[in-house]
Amino acid sequence: MRQTANTRISEFVQIERGERHTRDPRVEHAEVRGNLLRTLPRIDSKYFYDDAGSRLFEEITQLPEYYQTRTEEALLGSIADQVVRLTGARELVELGSGAGRKIRLLLDAMRRQGRLENCVLLDINETFLRTSAEDLADQYPEMEVRGVVGDFLYDLGLVGSGDSRLFIFLAGTIGNLYPRQFATFLKSVRATLGEGDSFLIGLDLVKDTARLEAAYNDSAGVTAEFNLNALRVLNQRFGTDFEVDAFDHVAFYDPEQEWIEMRLRAQRPTSVSLGDNRELRFVSGDEIRTEISRKFTRESFVDALGGTGLELSGWFTDPEQLFASALVRPVLAGGS
Ligand code: SAH
Ligand code: AVI
């Protein structure tokens with residue numbers, strides 16, 4: 001493997017590194033600390049995804065209660081040819097690509113239509129990114145694969161430019177963004193998209209509370225481990241000393257916000273050192289919010305697109321209306 005300051009080239013694929021992902025750790029530490037010092041302390045959900053957390057997410061996707069992954073997979077299988085025809089895609093760009101399995105459904109459709117040329121994967125987890133990029137390069141030798149280790153909130157610039165590209169953001173990961181992040185993110189996607197590009201977004205839909213809450217409170221306890229992993233990641237990356245076993249996993253649906261909230265609740269008094277002589281004390285019952293997972297309706301999604309420069313051009317759901325794939329396109333000057 002050759003290696004330069006910012007770019008590594010492995011045997012099969014080029015991997016680049018986003019600047020913001022590797023930005024000054026002191027800046028990130030200050031952000032983490034600021035979020036923990038809020039009235040309701042918060043940890044950004046990107047901190048779930050070290051290698052252990054990414055493996056736990058893969059386990060979650062197989063759980064009987066977690067309907068999202070298998071539903072989206074079946075849905076993508078049934079719409080892939082249509083989406084590729086509608087968008088004329090020659091290049092696929094996946095944001096938050098993870099293990100990179102579902103992307104194959106679209107790559108296969110592009111291959112069937114003789115238009116498979118390029119693929120770019122962007123994820124914050126380098127191990128998963130590297131493995132999935134190399135697997136794809138192996139399995140689709142006619143396609144050029146590039147990987148970007150980065151944060152999709154900051155590093156979209158590294159995706160580069162292109163023509164007839166289909167961006168995809170699967171799993172409902174867009175629902176993990178807070179409303180302000182959501183709007184900023186979509187505007188920066190809009191700025192990255194060319195006029196002939198499209199964006200396919202996976203959305204978990206509003207449904208009965210029991211089904212939603214079961215998906216985040218699985219009986220095997222995998223989601224609880226995934227949730228607690230955020231504390232382990234902070235301990236490793238920022239030298240905090242959270243007592244992981246002092247916290248319990250909590251997940252509930254907030255019908256007003258239409259999102260699942262995951263929290264960690266102190267089961268006994270505990271404290272954590274945040275550096276610079278700052279200590280955060282928890283009494284029993286105090287909570288940290290670790291994730292929101294927003295659930296959409298077609299209406300709420302169209303509303304949320306307002307002002308982002310993107311508009312809905314296709315809406316696909318499974319027969320049970322559990323999950324949706326929304327196709328959006330840039331609003332073109334002078335109307336579309
Ligand atoms: N697309 C895959 C994985 C979804 S899990 C699927 O459909 O199953 C969410 C993915 O987003 C993880 O791989 C995680 O590492 C990545 N991720 C989370 N926050 C991120 C961020 N801020 N920037 C880039 N990737 C992020
Ligand atoms: C990645 N994301 C869409 C998942 C979700 O359902 O919000 C993360 C997750 N959190 C708990 N279980 C899975």
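Hydrogens, waters and symmetry mates play no part in the numbers below; they use all other heavy atoms, side chains included. Whatever order the structure lists ligands and atoms in, that order sets their numbers, starting from 1.
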Backbone, side chain, both or neither: what part of [X] comes under 4.0 angstrom of ligand 2, heavy atoms only?
| X | value |
| --- | --- |
| N176 | side chain |
| Y49 | side chain |
| I60 | side chain |

Do [X] and ligand 1 have an N or O pair less than 3.5 Å apart?
| X | result |
| --- | --- |
| K102 | yes |
| S54 | no |
| A99 | no |
| K46 | no |
| G96 | yes |
| E72 | no |
| F152 | yes |

For ligand 1, note which part of F57 has a heavy atom under 4.0 Å away: side chain, backbone, both or neither. side chain

Using heavy atoms and a threshold below 4.0 Å, how should the contact between Y49 and ligand 1 be classified: side chain, backbone, both, or neither? side chain

Side chain of [X], backbone of [Y]: donor and acceptor closer than 3.5 Å?
| X | Y | result |
| --- | --- | --- |
| N229 | F48 | yes |
| D138 | E134 | no |
| E213 | Y253 | yes |
| T192 | L156 | no |
| R294 | Q257 | no |
| N227 | M262 | no |

What is the closest protein heavy atom to [atom], and at what distance does it sit?
| atom | answer |
| --- | --- |
| atom 7 (O) of ligand 2 | S293 OG, 2.6 Å |
| atom 9 (C) of ligand 2 | E291 OE1, 3.6 Å |
| atom 4 (C) of ligand 2 | Y66 OH, 3.4 Å |

Using side chain to side chain contact (heavy atoms under 4.5 Å, CB included) as the criterion, point out the one residue from L166, L116, V145, L200 that pairs with L92. L166

Cation over ring face, R329 and F199, 6.0 Å, 45°: no

Tell me whether F48 reaches ligand 2 (any heavy atom closer than 4.0 angstrom to a ligand atom). no

In short, salt bridge (charged side-chain N to carboxylate O under 4.0 Å, His left out) pairs touching residues 74-85 with sequence neighbours left out are D81-R112

Are L153 and ligand 1 in contact, using a heavy-atom cut-off of under 4.0 Å? no

Taking the inter-plane angle between the rings of F169 and F185 on a 0 to 90° scale, is it parallel (under 30°), tilted (30 to 60°) or perpendicular (over 60°)? tilted

Exceeds 12 heavy-atom contacts within 6.0 angstrom, atom CZ of R281: no

Interfacing atoms of ligand 1 (cut-off 4.0 Å, heavy-atom, E94): 1 (N)

Is the shortest N/O to N/O distance between T223 and ligand 2 below 3.5 Å? no

